[in-house]
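Any value given below was found using the heavy atoms of this structure, including those in side chains, with hydrogens, waters and symmetry copies removed. Here is how names work: the chains are called A, B, and so on, in the same order as the sequence lines, proteins then strands, and each is numbered from 1.
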2 protein chains.
Amino acid sequence: MKSAAKAVETTADDTAETGSQQIRDAIRDAIVERRLSPGTKLSESDVGNLFNVSRTLARSALQALAYEGLVSVEKNRGAFVAYPSPDEARQIFAARRLIEPGILREAAARITPSQIQHLRQLLIEEGRLMGERGQTARRAEIKASGDFHLTLASISGNTIMQRFMDELVARSSLVIALYGQSTVSSCGHSEHGDIVDAIERKDLDKACQLMLHHIAHIEADLDLREQKSVGLKEAFDL
Amino acid sequence: MKSAAKAVETTADDTAETGSQQIRDAIRDAIVERRLSPGTKLSESDVGNLFNVSRTLARSALQALAYEGLVSVEKNRGAFVAYPSPDEARQIFAARRLIEPGILREAAARITPSQIQHLRQLLIEEGRLMGERGQTARRAEIKASGDFHLTLASISGNTIMQRFMDELVARSSLVIALYGQSTVSSCGHSEHGDIVDAIERKDLDKACQLMLHHIAHIEADLDLREQKSVGLKEAFDL
DNA sequence: GCGCAAAAAATCGTATACAATTTAGCCGCA
DNA sequence: TGCGGCTAAATTGTATACGATTTTTTGCGC
């Protein structure tokens, strides 16, 4: 046991819920890396069979993912990879604009040189993936892009905000999968670098400004027009 | 069906998980209103019997609450009402300081006169409860005090931030139960009123400043010293 | 061939049953 | 009396089973 005596242990040291936890993480990774498309049905039986566990655990994992907003469960119908509406997408990015500057300030205040080094390492890896070709590289790039924001959150030292960011970054990935236009899935890679530069110079105002622009750029690449089921005549009448 | 055609319905219209949802809400209310003390054991069987459902549903509810940070489940040991550490408490309030000004700005930008009216109504109710005596009144007051912040979040129109605030307000209640000093459980009631006033005047900077002060006041009432299990010699040597 | 109703299949919601782990009690022994 | 280890009770982790709801398919009349 690491921490010494304490009245009540608030954080479970052992990995709670080893069963559903693993499934949950596996499915979440698949969603974030866009191997699972929005709207895909995730039947409890199928998930259970896939991971060789009972439906109980599969269900538990799916419900947890539903709470994170990554899957939507409809009563008596099943679970589906979330299909965020344009309005939901706007709310996700509004939340990021609201939260990330604050996280950035906290992170910048307590960042260590070795952590800056770590961030730069991430950027190099990200850049390398951008150069490569192929789906696996693309998926790794998507994850790396999100990891930048997540790492910033972890540096801030606030585990709660970290969890909020986890959710927002994951859901952003869904939104980009649905509404993203430019082929380059990730956002401007150089913008990440600029932010790190500003952090290193301790120019917080500039860093925040860059972050807001960065988020705005990602959002600007989306086509959030209501695609009202195209339906009926317009599709053929033209 | 209310909304017309859409490719995939993202928000389930029917109440999903009627079973565990009800239990979850009931327990959460009990925690937020401090009828359940931090550290209290919540056995799956007991919870199930209490609500006349199977252990399956009880477990599901407890896991959901664990995700919200209101209960902590320890592997093979059970679920307990969360007992936030002083550090956790600081993180909760740091998160609120980070988030609430942004929510306030969003809310102020889109607030309608009738919503202002609604806020004032809440304040009146809150004041009335402050005057009353007795535990039930005290509990209602606790809830009303949180409702002010939650209502602000709902006015902001961002359901994601609303959920984040739900969690933060609930966990704040736990922290206050543990570390609060002044008998008056709720924070300065008048401060809520001042914030509404500033919103009505569209003085956003002032409103944000008041909000930050307000949160600081709540936190200032806490005694967050590490009570390192008092243990060992100090307890007896003196 | 088309539309509609009823039955069949599939899937979810909940309960119960069994296995694994932890906790508490008990007895023997120094 | 105090301590160590063993057994039994309690509690959680996981799987299976059954009932309810939804979806699909089948079959019939037109």
Side-chain angles (χ1 to χ4, degrees), chain A residues 1 5-27 36 39-68 70-83 229, chain B residues 1-2 5-27 36 39-68 70-83:
Chain A
M1 221 175 284
K6 194 188 292 185
V8 170
E9 198 66 42
T10 61
T11 57
D13 24 331
D14 39 7
T15 55
E17 299 300 319
T18 59
S20 71
Q21 195 100 341
Q22 273 186 299
I23 301 172
R24 182 168 70 74
D25 291 347
I27 298 180
L36 282 170
T40 304
K41 166 139 197 181
L42 301 172
S43 137
E44 296 178 354
S45 314
D46 291 350
V47 172
N49 291 342
L50 188 56
F51 292 95
N52 285 102
V53 295
S54 78
R55 204 159 65 80
T56 305
L57 292 189
R59 181 185 180 84
S60 175
L62 290 172
Q63 284 186 320
L65 288 167
Y67 195 85
E68 299 180 43
L70 290 182
V71 319
S72 75
V73 300
E74 299 178 30
K75 191 180 171 185
N76 278 316
R77 281 188 30 88
F80 305 84
V81 178
Y83 196 107
S229 71
Chain B
M1 219 174 287
K2 198 86 65 71
K6 194 189 290 186
V8 169
E9 197 66 41
T10 61
T11 58
D13 27 328
D14 39 7
T15 56
E17 297 302 317
T18 57
S20 71
Q21 196 100 339
Q22 272 186 301
I23 302 172
R24 181 167 72 75
D25 291 347
I27 298 180
L36 282 169
T40 304
K41 166 135 195 181
L42 300 172
S43 140
E44 295 178 355
S45 314
D46 291 350
V47 172
N49 290 342
L50 188 56
F51 292 94
N52 285 102
V53 296
S54 78
R55 205 159 64 80
T56 305
L57 291 189
R59 181 184 181 84
S60 175
L62 290 173
Q63 285 185 321
L65 289 167
Y67 196 84
E68 299 180 43
L70 290 183
V71 318
S72 75
V73 299
E74 301 179 29
K75 189 179 174 186
N76 279 317
R77 280 188 29 85
F80 305 83
V81 178
Y83 195 107

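Counting only Watson-Crick and G-U wobble pairs whose two key distances fall under 3.5 Å, DNA chain D forms stems of three or more stacked pairs at C:1-30 with D:1-30.
Side-chain contact between B/Leu42 and B/Leu65: absent, with no pair of heavy atoms (C-beta onward) separated by less than 4.5 Å. Residues A/Gln63 and B/Gln63 fail the side-chain proximity criterion, which asks for heavy atoms closer than 4.5 Å.
Heavy-atom minimum distance, A/Val71 versus A/Leu62: CG2-O, 3.4 Å. Between B/Ser20 and B/Ala61, the shortest heavy-atom contact is O-CB, 3.8 Å. Among all heavy-atom pairs drawn from A/Glu44 and A/Ala58, the shortest one is O-CB, 3.4 Å. When all heavy atoms of A/Gly39 and A/Phe80 are compared, the closest pair comes out as O-CD2, 3.6 Å. The nearest pair of heavy atoms linking A/Leu57 to A/Gly19 is CD1-CA, 4.2 Å.
Whole-Å rounding puts the B/Phe51 CZ to C/dA15 C1' distance at 18 Å. Nucleotide D/dG13 holds its P atom 15 Å from the CD atom of A/Gln22, rounded to whole Å. When the P atom of D/dT23 is taken as reference, atom CD of A/Glu74 falls 9 Å away, rounded to whole Å. For A/Phe80 and C/dT11, the CZ to C1' distance is 10 Å, given to the nearest whole Å. When rounded to the nearest whole Å, the span between CG of A/Asn49 and P of D/dT16 equals 11 Å. Atoms CG (A/Asp46) and P (C/dA10) sit 12 Å apart, rounded to a whole Å. The nearest whole Å value for the distance from the CG atom in B/Leu62 to the C1' atom in D/dT11 is 13 Å. Put simply, CG on B/Leu57 is 16 Å from P on C/dC12, counting in whole angstrom units.
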Hey, what are the protein-to-nucleotides 16-18 of chain C N/O distances that come in under 3.5 Å?
from, atom 1, to, atom 2, distance (Å)
C/dT16, O4, B/Thr56, OG1, 3.3

Pairs under 3.5 angstrom, nitrogen or oxygen only, protein versus nucleotides 19-23 of chain C, please.
from, atom 1, to, atom 2, distance (Å)
C/dT23, OP1, B/Arg77, NH1, 2.3

Show each protein N/O and nucleotides 6-9 of chain D N/O combination with a separation under 3.5 Å, one pair to a line.
none

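Comparing atom distances between the B/Glu44 side chain and each of D/dT12, C/dC12, D/dA15 picks out D/dT12 as nearest.
Here CZ of B/Phe51 is found 5.0 Å from CD1 of B/Ile27. Values are rounded to the nearest 0.5 Å. With values rounded to the nearest 0.5 angstrom, B/Lys41 atom NZ is found 6.5 Å from B/Arg77 atom CZ. One finds the CZ atom of A/Arg59 at 11.0 Å from the OG atom of A/Ser45 (value rounded to the nearest 0.5 Å).
Residues satisfying the side-chain contact (heavy atoms from CB on, under 4.5 Å) test with A/Asn76, not counting sequence neighbours, are none. The salt bridge (Lys or Arg N to Asp or Glu O under 4.0 Å) search around B/Asp46 returns none, not counting sequence neighbours.
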